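A short write-up of the structure that comes next.
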Amino acid sequence: MPDHFQVEHQDGGCRARTGRLTTPHGEIQTPIFMPVGTNASVKAMRPEDLTDAGAQIILANTYHLYLRPGHRLVEELGGLHRFMSWDRPILTDSGGFQVYSLTELRKITEEGVKFRSHIDGSMHLLTPELSIKVQEALGADIIMCFDECPPADAGREYVERSLAMTTRWAQRSKDAHTRRDQLLFGIVQGGRFSDLRQRSLQELQGIGFDGYALGGLSVGEEKPVMHEVMDACSDLLPADYPRYIMGIGTPEDLVEAVWRGYDMFDCVMPTRNARNGMLFTSQGRVNIKRKQYEQDQGPLDPACSCYVCRNYSRAYLRHLFRSGEILASMLNTHHNIAWYLSLMGRIREAIRQDQFEAFRKEFYHQQHTTAE
Ligand SMILES: Cc1cccc2c(=O)nc(N)[nH]c12
């Protein structure tokens, strides 16, 4: 059992479990959702709003902070926690995925990924060594290996070659990792091919990491494919280490992944949907701009105890959104993040009561009984 992670309770009826993950900036109760703060900011939320909403850890991105303001500047100013006045844990992604998803001009070589900055067009080479150096300079509590995320429709031959390079990059990431107080997680690739996923995981375990993440999901694959990969890897991932699925997901995805024994998640969905007026509630999704809410005096979600649901009506939230007020993004984001984090709290409690199986059935029913 690693000393930074303990499984606290295994649900008696399924693979769901609660755990405690210890990092330099504090302990995290899992299963956990991590709000995405790409540019050292969870968009439209202040740190105190995040802690008020129950956030234990947030995610930031190497790619963005390396390009702007630069990791050396953040380091000189005391590191990312001080820079953004966030004193709880931070996880940084390693940058390869963002290069792939954000830049037009990029070239993958054994050395690393050459790309043109989406900000000013300058050319850069991001390597495993540089990615780790940036994450160490930022001072994140959990850092990620530099990996390649193959396109969802990539053929077996491409995925096999890509996976072999991701393993070589994982070794180079670990060799470059000097700040041993930071936890370094490996990223399992292999696309939709279960045998390649198994090979990736075996190779990563041979190198040895503080946690294991599933990459290459939520990149456009069909839901059944995502669930197949989750199932195949669930029994392979070492049970006494943290299991993180990157980029997941909808509330239903989170429940399905916890049911399969996963512990950590991140996704832009709650923050991005909030800015588009798509809000999560205990009765399913609410599209706040719809006319039906014009005179609705009630709270966004009667079952939610967040600041927004305690102080504002749906009519007001609709008005703000339609008027393009900045406060719309702030209040919608606060609620969506608070709702996601409250869902994770209810999930942890259901597991502790050995009731997660029942929770999963009831959750699906609730989310799909009310017309939007
Ligand atoms: C953030 C994210 C989402 C989805 C997939 C991935 C991935 O495969 N690799 C990395 N490093 N990050 C990912």
Side-chain angles (χ1 to χ4, degrees), residues 32-39 42 57-66 90-103 106 108 112-113 115 126-128 130-132 134-135 138 140 142-154 158-170 172-174 176-177 183-193 196-197 200-201 203-204 209-223 225-227 229-230 233 237 242-250 253-254 257 262 264-272:
I32 180 71
F33 178 80
M34 300 182 279
V36 175
T38 291
N39 283 307
V42 176
I57 176 172
I58 61 170
L59 189 138
N61 276 323
T62 294
Y63 168 81
H64 297 78
L65 295 170
Y66 161 73
I90 296 174
L91 180 148
T92 44
D93 195 1
S94 48
F97 179 76
Q98 287 75 32
V99 170
Y100 168 75
S101 50
L102 283 170
T103 61
R106 61 186 183 275
I108 299 175
V113 184
F115 66 93
L126 190 53
T127 64
L130 178 57
S131 172
I132 296 298
V134 170
Q135 296 182 76
L138 295 174
I142 302 173
I143 67 176
M144 303 304 292
C145 282
F146 190 68
D147 64 322
E148 192 213 344
C149 173
D153 58 356
Y158 181 97
V159 172
E160 197 159 7
R161 275 204 322 274
S162 166
L163 144 66
M165 187 156 72
T166 283
T167 298
R168 292 193 294 273
W169 283 359
R172 286 169 55 188
S173 298
K174 183 164 184 185
H177 182 215
L183 300 176
L184 175 62
F185 281 22
I187 303 178
V188 177
Q189 293 291 354
R192 60 188 181 280
F193 307 103
L196 296 185
R197 288 278 178 180
S200 174
L201 180 61
E203 292 173 354
L204 292 178
F209 291 102
D210 300 313
Y212 296 89
L214 286 197
L217 290 179
S218 84
V219 289
E221 73 282 354
E222 300 295 317
K223 279 285 190 247
V225 172
M226 178 197 283
H227 290 162
V229 171
M230 285 185 193
C233 295
L237 288 160
R243 298 162 166 177
Y244 167 22
I245 307 187
M246 306 188 85
I248 299 284
T250 66
D253 291 340
L254 294 177
Y262 292 89
M264 300 169 68
F265 312 97
D266 82 272
C267 189
V268 294
M269 184 163 277
T271 40
R272 185 174 292 170

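Order of appearance sets the numbers: ligands from 1, and atoms from 1 within every ligand. Because the structure is predicted, anything quoted here is derived from the model rather than measured. Hydrogens, waters and symmetry mates play no part in the numbers below; they use all other heavy atoms, side chains included.
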As an exercise, identify every atom of ligand 1 less than 4.0 angstrom from a heavy atom of [X].
X	value
G247	3 (C)
S94	11 (N)
D147	7 (C), 8 (O), 9 (N), 10 (C), 11 (N)
F97	1 (C), 2 (C), 3 (C), 4 (C), 5 (C), 6 (C), 7 (C), 9 (N), 10 (C), 11 (N), 12 (N), 13 (C)
G215	7 (C), 8 (O)
I187	11 (N)

Using a plain distance cutoff, I'd like to know if Q189 has any nitrogen or oxygen under 3.5 Å from a nitrogen or oxygen of ligand 1.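 Looking only at distances, the answer is yes, because the N/O contact criterion of under 3.5 Å is met.
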Any luck finding a side-chain donor-acceptor pair between Y244 and D266 under 3.5 Å?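 Yes, D266 and Y244 have a side-chain donor paired with an acceptor closer than 3.5 Å.
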Modelled atom types, side-chain donor and acceptor of N61 and T38, under 3.5 Å: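 Yes, a side-chain donor-acceptor pair sits under 3.5 Å.
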For ligand 1, does [X] get within less than 4.0 Å through its side chain, its backbone, both, or neither, judged by non-hydrogen atoms?
X	answer
A213	neither
L217	backbone
M144	neither

Give a yes or no on whether the backbone of [Y] and the side-chain of [X] come within a donor-acceptor separation of less than 3.5 Å.
X	Y	value
R197	V229	no
Y262	L214	no
S162	Y158	no
S173	F146	yes
T166	E148	yes
T62	Q135	no
Q189	I187	no

Please confirm whether E148 comes under 4.0 Å of ligand 1, counting heavy atoms of the residue only.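 False for this residue.
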Ligand 1 contact by G216, heavy-atom criterion under 4.0 angstrom: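 Heavy atoms of G216 do come under 4.0 Å of ligand 1.
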Which heavy atom of the protein is the closest neighbour of atom 12 (N) of ligand 1, given with residue, atom name and distance?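 Heavy-atom neighbour on the protein nearest atom 12 (N) of ligand 1: D93 OD2, 2.8 Å.
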